[in-house]
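Position 1 is the first residue of the sequence, and the numbers go up from there. Both counts, for ligands and for their atoms, begin at 1 and track the order of listing.
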Amino acid sequence: MNQVVVVPYPGRGHINPMLNLCHLLSSRLNRHNRTTIFTVVVTEEWLGFLNPDSKQDNIRFVTIPNVLPSELNRGSDMIGFLTAAQTKMERPFVELLDRIEFPVKLIIADVTMRWPFDVANRRNIPIAAYWPMSASMFSVVYHVDLLESNHQLFADVLERGRETIDYIPGLSSLTIADLPTVYHSGGEKFKGIAPSPFGVKANYVLISTMYELESKAINGLRSILQMPIYTSGPNIPYSQIEPNPSLDQPVYINWLNSKPPKTVLYVSFGSFLSVSCAEMAEIAFGLTQSGVNFLWVARGETSRLKEICGDNGMVVEWCDQLRVLLHSSIGGFWTHCGWNSVKESLFSGVPMLAFPISLDQTLNNKMIVKDWKTGWNIREKVKVLKRDEIAKTVRDFMDSKSVVRIEMMERVEMFSRICQESVGEDGSINEDLDAFVRDIAMS
Ligand SMILES: O=c1ccn([C@@H]2O[C@H](COP(=O)(O)OP(=O)(O)O[C@H]3O[C@H](CO)[C@@H](O)[C@H](O)[C@H]3O)[C@@H](O)[C@H]2O)c(=O)[nH]1
């Protein structure tokens with residue numbers, strides 16, 4: 001029996017895509033009659049958050065103690081969380097590695113943490129580096145030295161945000177404002193703890209993207225890196241979205257069923273980041289004034305926001321996001337531009353109202369708005385986040401008669417086809433994952 005040990009970074013935006021990758025690899029290996037156990041290492045806290053559907057045949061979970069600050073406070077102490085994830089998990093992981101039953105054929109680890117690579121290298125276990133963000137983000141992070149030598153690292157965005165950067169291999173021209181926020185002024189505090197594939201000694205690299213979406217960035221990386229690079233696809237749960245007819249539908253799905261096609265704006269800022277209470281209130285008033293139907297995932301704050309929004313929209317704490325995005329009534333996604341949300345929106349053919357908050361989201365915003373033309377940046381329309389301007393922008397964005405929206409819908413529908421084809425039988429993802437399975441000598 002082969003065993004692959006999988007080490008996700010303990011966050012929803014990282015664990016979800018990695019589990020989806022495990023499903024893809026496991027079904028591929030099973031087709032070749034090579035039973036392989038995927039042993040996923042999570043903290044005890046995370047085991048409690050996982051959807052029971054994640055626990056499938058050849059995928060099992062093992063836990064290490066809760067050595068990190070709680071996931072529930074991750075957004076308010078990103079530095080503390082990142083530092084703990086870099087320093088406190090290695091020891092319990094090594095102890096666990098000594099205990100597990102079958103020999104470990106391969107480790108797949110999120111590059112956000114360094115220590116799995118040190119452990120694998122010390123023990124001569126082959127290791128694949130998993131990058132949960134875009135290939136473009138990989139390129140920027142990999143070429144941070146170029147930013148430094150061009151004196152554009154840690155620059156003040158207010159003063160120099162519009163300066164262009166056109167020397168990063170594989171990337172079209174971008175600005176300082178488009179850089180990930182850890183490279184804006186103040187980002188120095190993330191030095192050494194922010195995700196970086198630089199200097200990591202891995203045998204393989206898996207990037208959670210599709211070739212058709214970022215071909216130049218991927219070609220650029222392939223021409224530079226010594227290790228083979230595979231695209232692992234959107235890594236979203238597209239194969240598990242059929243609702244179980246024997247279960248009651250969630251209230252929000254029934255609510256969406258009652259709305260006409262493409263009229264609802266879905267609003268979510270991801271799994272752990274948030275904006276200030278004052279901004280949340282302006283957004284609530286703005287959405288309500290817009291007269292547009294909306295479904296809003298607002299973690300933890302729902303009762304106050306429900307009061308403001310009344311019957312104009314639905315406010316929930318959590319939803320099955322991909323299922324929502326694929327619902328026929330959804331016509332737009334106001335998103336913080338987390339990479340999973342971006343891929344889910346493109347896959348579902350939903351245009352985005354981009355609202356980057358931090359990390360790679362600024363760069364994702366640039367791809368959405370400038371490169372793919374599949375959305376608007378709300379901050380370009382609304383200089384200060386005030387209700388009247390929000391209401392107008394939301395109305396304009398969702399106006400099915402506007403030529404700008406019609407063109408944007410055509411673009412996003414084209415991207416949806418591209419994404420869906422990439423995961424089909426003859427798609428590029430199958431090719432890459434087959435090659436990966438072959439190369440790790442398990443097929
Ligand atoms: O109500 C909800 C809200 C979220 N999700 C899912 O949670 C995931 C959220 O991922 P993402 O959109 O990437 O946001 P974050 O959780 O904020 O992701 C972090 O990790 C990503 C991948 O590294 C980065 O791109 C982001 O910037 C970073 O904030 C997605 O799959 C969503 O479908 C739900 O299923 N239901």
Side-chain angles (χ1 to χ4, degrees), residues 8-21 46 49-51 53-54 71-72 74-76 78 81-82 85 109-113 129-138 140-141 179-182 190 194-197 206-209 214 232-238 240-241 250-253 256 266-275 295-302 314-327 330 333-348 350 352 354-368:
Y9 177 77
R12 174 77 57 193
H14 296 244
I15 293 185
N16 279 5
M18 220 152 173
L19 289 181
N20 290 315
L21 172 67
W46 258 101
F49 295 144
L50 291 173
N51 180 337
D53 294 348
S54 318
E71 166 67 11
L72 303 175
R74 183 156 62 104
S76 57
M78 257 203 282
F81 196 92
L82 270 166
D110 190 317
V111 196
T112 306
M113 298 157 307
Y130 179 73
W131 181 253
M133 289 167 265
S134 65
S136 305
M137 176 71 179
F138 192 119
V140 172
V141 175
L179 286 175
T181 55
V182 291
F190 286 96
S196 169
L206 289 156
I207 304 186
S208 172
T209 190
E214 299 189 277
S232 65
N235 294 151
I236 58 177
Y238 52 83
Q240 304 154 33
I241 44 166
V251 182
Y252 56 84
I253 292 289
L256 290 176
Y266 170 60
V267 185
S268 169
F269 307 144
S271 64
F272 76 107
L273 292 170
S274 51
V275 295
L295 170 64
W296 186 2
V297 173
R299 283 165 289 109
E301 297 204 49
T302 44
M314 172 156 255
V315 183
V316 295
E317 291 239 358
W318 189 256
C319 73
D320 185 345
Q321 179 167 297
L322 185 59
R323 217 177 134 200
V324 164
L325 287 169
L326 285 164
H327 195 282
I330 297 292
F333 181 9
W334 183 346
T335 170
H336 75 312
C337 308
W339 185 235
N340 297 292
S341 292
V342 174
K343 291 178 294 179
E344 288 164 18
S345 207
L346 289 178
F347 187 85
S348 313
V350 175
M352 285 163 271
F355 183 62
I357 299 175
S358 72
L359 305 167
D360 56 330
Q361 297 149 22
T362 33
L363 187 65
N364 299 342
N365 161 76
K366 183 248 175 190
M367 291 191 272
I368 295 165

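From the protein, the heavy atom lying nearest to atom 8 (C) of ligand 1 is Arg12 CG, 3.9 Å. Protein heavy atom closest to atom 26 (C) of ligand 1, with residue, atom name and distance, is Asp360 OD1, 3.5 Å. Closest protein heavy atom to atom 36 (N) of ligand 1: Cys319 O, 2.6 Å. With respect to atom 17 (O) of ligand 1, the closest heavy atom belonging to the protein is His336 NE2, 2.9 Å.
Going from atom OG of Ser268 over to atom CZ of Arg299 covers 7.0 Å, rounded to the nearest 0.5 Å. Rounding to the nearest 0.5 Å places NZ of Lys366 at 7.0 Å from OG of Ser136.
Which of Arg74, Gln361, Met137 comes nearest to atom 29 (O) of ligand 1 through a heavy atom is settled by distance: it is Gln361.
Distances shorter than 4.0 angstrom do not occur between any heavy atom of Gly11 and any atom of ligand 1. Not a single heavy atom of Arg299 lies less than 4.0 angstrom from ligand 1.
The heavy-atom pair separating Pro250 from Arg323 by the smallest distance is CD-NH1, 4.0 Å.
Between Trp334 and Phe269, the angle of the ring planes goes over 60°, which puts this pair in the perpendicular group of the 30/60° scheme.
Among the atoms of Glu317, none of the N or O lies under 3.5 angstrom from an N or O of ligand 1.
Residue contacts with ligand 1, taken as heavy atom pairs separated by less than 4.0 Å, involve Asn340 via backbone and side-chain atoms alike.
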